Every structure is written in C-alpha cells, then in structure tokens.
Amino acid sequence: MMAFVAGSFSVSSKAGLRSVCGEPVSQPRSVNYNGRVRMVTAPEVPKQSNPQVPKSRTKTVVITGASSGIGKHAAKDLSRSGEWNVIMAVRNPEKAKKVAEEYDLDEESYKIMKLDLGSLESVRSFVNTLRNDRITVDTLVCNAATWHPKDTEPRYTVDGYEEAVAVNYFGHFLMVNLMIKNSTIRPNLQRGQNQSRVVFIGTETHNPDTLPGKIPPQADLGDMQGLEAGFKEPIGMINAGKFEPTKAYKDSKVCISILMKELDRRYGRQNNITFTTLFPGCVADSGLFREKRGWFRSIFPVFQTYITKQYVSEELAGLRAAQVASESRFARGGAYWRWQGTKSDSPVFEKDVSYEALDTEKANRLWELTAKLTGFA
C-alpha cells in the first residue's frame, strides 16, 4: 500500500474548533468554548531505539515536494517507521537522493520519482507510471508549494498559468482526480481507520477570520473572473485583479481547502477515502520564506516564537504531517487539523476552514472551472 504527503491561530464565532477523538492520549484535559470545544492532548511520540530496523512495509506513501522542508522530514519519519514504502515525488530527483543519503534511509524503503506540478503533462506522466508499475497508493500527501513574495509580475508555467495557483492547486487537483479515476489510490471496501487517505498542507492565512488571515493582502477568490477568462497571460489572479504574489499564494490555499472539502463530498463515502488538511504550525524559517528580505527572515521566527507562540521547526512540522498521514486518530474525512502549541505532545484540534471554503456553490463552480483548465473531465 502507498501514502502521499501534499496557518496560525485565532478563535472567533465564525471559526470554531471541534474535538479530536481516537487513540489514547497523555494527560487529557477539556476546555469549553461557547459549549462547542472539547480539547485533548495528542499522544506522546514513542522513542525508537533503532528507527532503521524494518518492520513489515505493507503500505506506500507518496509525498510531493519530498526533497525539502516539511516534505523531507515527513518522508524521513515514514521511512524510518518500518511500515511505509515512501515515494518521493519531486521536481529535482538528485536533490531528493541527497536527502535520502543525508538521513541514511534504507534503500529498500523509498523510491524517487520525477514530478513537476507546474506541468500538467508531468502530472499525467507521473500518475500513468504509477498505474503501469501497478503501484497502489494508500495515502497521498500533497505538500509541494511555491511562493515568490518579491515578484511584481506573474510567473507562468509551461501551460501558461500563474505559477503559485498552478503548482499549489492545479497540479494537485489533477493528480488526485486522476489517481482516483484509475484506482491508483486504493478504494476501500469498508469505512474505517485504515482506509486510504489524501492529506493536504494548509495555512491559517487562507482564513480572514484568523489573526494571520487578517493581515493584508487577504485571501479572496471573488467571482473567480480570472479563471472564467481562461487564466492565461496577462491574467495572474483568480479574481482577475492586479497581481500580488502573497495574495496569489493565499488564494491557492483557499482553493486547497475547498478542494479537500469537495473531494470528501464527492468521493469520501463513495470510495471510502479520507480527505483531510493540516496546519502543522508556522515554520517561520523554512525555504518558503527564502525570498523575503533579510530583516524579515530574522524577525519573523522571533515573532512567531514569542508573540503568536506558533513557531515550529521543519522537523516537527514534518512529524505532524506524517502523523496525519498515518495515524488512525486522524481518519476523519473533511477535517482541518491544527495544533495549539509547539511541542510534540501539544493538543491537536479539528478546526473550521474559512467561510469562503465552506461555500458549496463556489466549490462547485471552482471544480468546474479547474477541471476545464486542467483538462480533467
């Protein structure tokens, strides 16, 4: 079997939290929030005396963007578990090979495959290779993302689409749908904790009702005029407005939240596949911020550590992604998971996505437009 790897915090009446149920927890506690919340601590992560000793690798995990950041740490943790075969779906195979060597991963535990999410042809080729090699996926984690905060003009992919939306959203949309269509993601015969899973990496900045989401420019798909018009040059925004790179990134994450909910509605019960999203915490010094100015890269981790108290390391964020990809307590379709705290045993909650991401009429229209633009019918 196989698995793939694809915010901040504020509570308002519009963005509530729900409880986490499942496995035994350490030091459980409960807190009421307007009668809606029951909070429990996450189980402690067991220490492994020899993480490289293989067990029985009966599952396979495919992780997009597994050569850096959250993805490489999730790949490391799942590989070392002894239970997962890891497919590292990456744009740069040589870089992924160096990561595997750096972590001294068992060569029998991973496979590196070329995938450029900015090319719809590359996405189709990747899925066809999985099918032709008779690889069946148990969990898909859609982790890869791009953001160029200094850009004043859009970058366009080989397909002619603005890069952030194309890589972060279009590529994953087509990938997941093709894998479901040809049963590369295993459709389960019965619902339960061990059913197949698709995991997306989200961010709190997609939601204007949270503190990070309130910071301009705010995410807003508008009437999706840019997609309606074909989303080709010179269009660089979903709402056809003036290009703003940070808004383009945030908008792509709104689309990811809508996609997760819509996949769960369309395929969750029908195929017994769990679709879910997580915000692992703010990795304030990750490569995603490499193009920000030096002063920002210096101050932002300090701000996230001592003010918002949401800073987490890439390693912990990767561990959380691996947990959502593999642990039975996260087998809840349509859930958006978020941690309160920066430790491995911090409480984890199910939280609402933004109001825009819950708009079913907009979700249906976004699906139709995206299917047309990606050539999926």
Side-chain angles (χ1 to χ4, degrees), residues 5-11 15 17 20 25-27 39-47 51 63-78 80-81 99 102-103 141-147 149 168 199-207 210-213 215 249-250 253 256-257 276-290 292 296-327 329-330 335-351 353:
V5 179
S8 41
F9 181 74
S10 175
V11 177
L17 304 176
V20 174
V25 296
S26 59
Q27 300 179 339
M39 300 157 41
V40 296
T41 55
E44 296 180 357
V45 179
K47 295 182 179 180
I63 307 173
T64 66
S67 61
S68 63
I70 295 173
K72 74 175 183 180
H73 288 287
K76 171 196 66 180
D77 291 330
L78 290 169
R80 288 180 174 178
S81 72
V99 167
E102 174 189 353
Y103 293 130
V141 186
C142 299
N143 161 74
T146 188
W147 174 41
N168 304 352
V199 178
F200 297 94
I201 304 298
T203 170
E204 288 286 83
T205 61
H206 90 280
N207 188 352
T210 66
L211 177 59
I215 299 174
Y249 172 80
K250 291 180 180 181
K253 289 299 185 176
I256 284 294
S257 293
T276 188
T277 301
L278 76 142
F279 167 57
C282 183
V283 188
D285 50 5
S286 78
L288 197 62
F289 296 96
R290 61 185 175 274
K292 296 293 286 186
F296 180 91
R297 296 199 306 272
S298 297
I299 295 175
F300 192 55
V302 176
F303 176 78
Q304 290 292 338
T305 300
Y306 297 105
I307 306 301
T308 69
K309 301 186 185 301
Q310 293 199 355
Y311 169 80
V312 296
S313 66
E314 283 187 348
E315 186 171 12
L316 179 56
L319 172 62
R320 288 174 173 178
Q323 289 173 335
V324 174
S326 62
E327 295 182 6
R329 62 187 171 131
F330 296 107
Y336 170 46
W337 301 104
R338 187 203 179 284
W339 281 256
Q340 177 60 22
T342 59
K343 298 180 180 179
S344 61
D345 61 351
S346 295
V348 58
F349 311 99
E350 182 184 350
K351 188 180 180 185
V353 295

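Because the structure is a prediction, the values reported are computed rather than measured. In this chain, residues are counted from 1 in sequence order. Just so it is clear, the values below take in all heavy atoms, side chains as well, and ignore hydrogens, waters and symmetry mates.
Listed for the T276 side chain is a donor-acceptor partner under 3.5 Å among the backbone atoms of A335. A donor-acceptor pair is defined here as one N or O able to donate and one able to accept, closer than 3.5 Å; such a pair exists between the side chain of R320 and the backbone of P280. Of the possible polar contacts, none joining the N168 side chain to the Y249 backbone as a donor-acceptor pair under 3.5 Å is found. A donor-acceptor pair under 3.5 Å is formed between the side chain of T64 and the backbone N or O of A144.
Of all heavy-atom pairs between I70 and A321, the closest is CG2-CB, 4.0 Å. Smallest separation of non-hydrogen atoms from V348 and F330: CG2-CE2, 4.0 Å. What you find for F279 and T203 is that their closest heavy atoms are CD1-CA, 4.0 Å. Taking both residues in full, the closest heavy atoms of A317 and V312 are given as CB-CG2, 4.2 Å, listed atom of the first, atom of the second, then distance. In terms of heavy-atom proximity, R80 sits nearest to Y103 at NH2-O, 2.9 Å. Taking every heavy atom of both residues into account, D77 and A322 meet most closely at CB-CB, 4.1 Å.
Legend: residues meeting side chain to side chain donor-acceptor pair (under 3.5 Å) with S67, ordered by chain and number and at least two apart, are absent. For the side chain to side chain donor-acceptor pair (under 3.5 Å) test, residues two or more places apart in sequence or in another chain that qualify with K76 are H73, E315.
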For this session: Report the C-alpha distance between I201 and L278 in whole Å, list the side-chain angles of each, state the deciding distance to 0.1 Å, and finish with yes or no for side-chain contact (heavy atoms from CB on, under 4.5 Å).
Result: CA-CA 5 Å; I201 304 298; L278 76 142; 3.5 Å; yes
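Of the inter-residue distances, the one linking R329 atom CZ with W337 atom CH2 reads 8.5 Å to the nearest 0.5 angstrom. With rounding to the nearest 0.5 Å, the separation of CZ in R338 from OG1 in T277 is 14.5 Å. In this structure, K253 NZ and W147 CH2 are separated by 12.0 Å, a value rounded to the nearest 0.5 Å. Within the model, atoms CH2 of W339 and CG of L316 stand 8.5 Å from one another, a figure rounded to the nearest 0.5 Å.
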